[in-house]
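These numbers come from a predicted model, not from an experiment. These values consider heavy atoms only, across backbone and side chains, with no hydrogens, waters or symmetry-generated copies. Sequence lines set the chain letters: A, B, ... in the order given, protein chains first and strands last, and positions in each chain run from 1.
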Amino acid sequence: MTAMQAVMRREFRSYFGTPLAYVFLCVFLWAAAFGAFKDQLFEMRDANLRVFFSYLPWLFAFLAPAIAMRTWAEERRTGTVELLLTLPVTVRQAVLGKFFAGWAVFAIALLLTTPIVFSVEYLGDPDYGPIFAGYLGALLMSGAYLAIGTFFSALTKNQVIAFIVAAVVCLILVFLGQPSMIATLDEFPLTSWLAPFVEQMSFAVHFDLLQRGVIELRNIVFPLVVIAAFLICSVVILNEQKAR
Amino acid sequence: MIQVDKITKRFGPITAADQIEFEVQRGEVLGFLGPNGAGKSTTMKILTCFLAPDSGTARVGGHDILQDPIAVRRAVGYVPENAPLYDDMTVASFLGFVCEVRGIPGTEARAAIDRVLSQCALQGVEHQTIDTLSKGYKRRVGLAQAFLHDPDILILDEPTDGLDPNQKHDVRELIRGMGQDKCIIISTHILEEVDAVCSRAIIIAQGRVLADATPAELKAKGDGKLETFFRRITLGDLVPAGGAA
Ligand SMILES: Nc1ncnc2c1ncn2[C@@H]1O[C@H](COP(=O)(O)OP(=O)(O)OP(=O)(O)O)[C@@H](O)[C@H]1O
Ligand SMILES: [Mg+2]
């Protein structure tokens, strides 16, 4: 087993060793079911998961920072970071191990929502393309949010600050793509040129396209780039703290 | 096995390590003495590649701490100050994790864990959550973790802090035994410990090495008492020559 896998296994188990993962899963499943079944699913007379998916960017913007906030902040507060980073593991392996552990928790959460798919199947004849694309998009989006959360957790010893700042950043990234936001930008000549760029910066937009079944390369590449960028920044920050 | 070459480390205005230089060979147990804030822990953190020095370098187990930190960490067993541990794990799963990170395969890991559990008298608490252990037991888990891969080099930051007298005795015996064929640095505020386990001692204050000699030589300079010499050299003129503590 590599050092990265060892870190990942430990982190993954520690999510389930504390109430954190269970609270997370309950909140997530409740909110997901609420979002999916609230009223529209039956009334729209249309067998798909659009309503469920449209909630996810907002839901994840809170849940991913909650999962990621401990990763480094807690290690630094309790001093275990000294233990971890004097074992033969590089900062990069440790960052990746922790990230994948958090991502696995999200994968499980998404897997547990499949009963919603079965209900839709029971109600009608869903088109599985958009559903599959939607799940793929949701997984990628959760990864991107987690990477953002990891970065802010690496910046501070305080979990609460890490959570708040990461959640705000995630929310801004969702907001950027809201039709009203784009429309406002478009309205003014000074900012209208910004609109297409801003739109590309939003998770909501990429995710929305995916869950309509539009699997375009850039909609997949965008979250992957965000993941890579924030994880690289986390590694840089943590290495920097060593030299301080 | 350890060669420290003019290591300097500053934290803002504080110079925690100032051109520190010393060597430790296999078979030596080096005592690291000095008043609070002298720079002992800082030096140890640099040798284990947790902190980077501002200038200078060191070779640990034949590897340069700046060029090849992972090889250094493989070669070293380290007990950090206050022995931080993953509190939510059980003793056994924590030790298992350290084996995994160190790449010790399953069957060997089982044997290694059994060995350190008995070395550190932890058999009874194997399945207890670390959180619920007393301070002394946590310390012992910290020690056990450092012995798992049977390293040639041990760097122990106040390893006997918080242990009961029996355990202090046992740990000293253990360290003295290991010292025969390993290279050990141990920091402590307990001067009799130096007598008991160290073959050589370094006294540092304000980041500088003030003395480097065998415990017997240091005692001779302190009119037969290590404490007298320690106070004289770290407090300067405040302690009159010949005056006991
Ligand atoms: N992260 C840090 N930031 C700022 N100053 C630090 C930091 N770590 C250590 N120092 C300072 O460096 C100096 C040396 O600290 P160090 O922990 O090495 O002392 P020590 O010899 O281990 O003391 P003690 O016997 O109390 O454990 C102290 O003045 C301390 O305040
Ligand atoms: Mg110290």
Most contact-rich option vs chain A, by heavy-atom pairs under 4.5 angstrom, among B:T48, B:I46, B:T129, is B:T48

Are the charged groups of A:K157 and A:E74 less than 4.0 angstrom apart, N to O? no

If you draw the axis of the six-membered ring of B:F97, does the NZ or CZ of A:R13 fall within 45° of it and under 6.0 Å from the ring centre? no

Closest non-hydrogen atoms of B:Q206 and B:D18, given as atom of the first, atom of the second and distance, are O-CB, 4.4 Å

Contact origin within B:Y86 toward chain A - heavy atom pairs under 4.5 Å: both

Measure A:T78 against the heavy atoms of chain B and call it side chain, backbone, both or neither at under 4.5 Å. backbone

Could you go through the side chain to side chain donor-acceptor pair (under 3.5 Å) check for B:E126 and B:Q128 one step at a time? CA-CA 6 Å; B:E126 201 180 336; B:Q128 208 170 321; over 6 Å; no

Option that, when pairs with chain B are counted at under 4.5 Å, heavy atom only, ranks first among A:E75, A:M4, A:Q93: A:E75

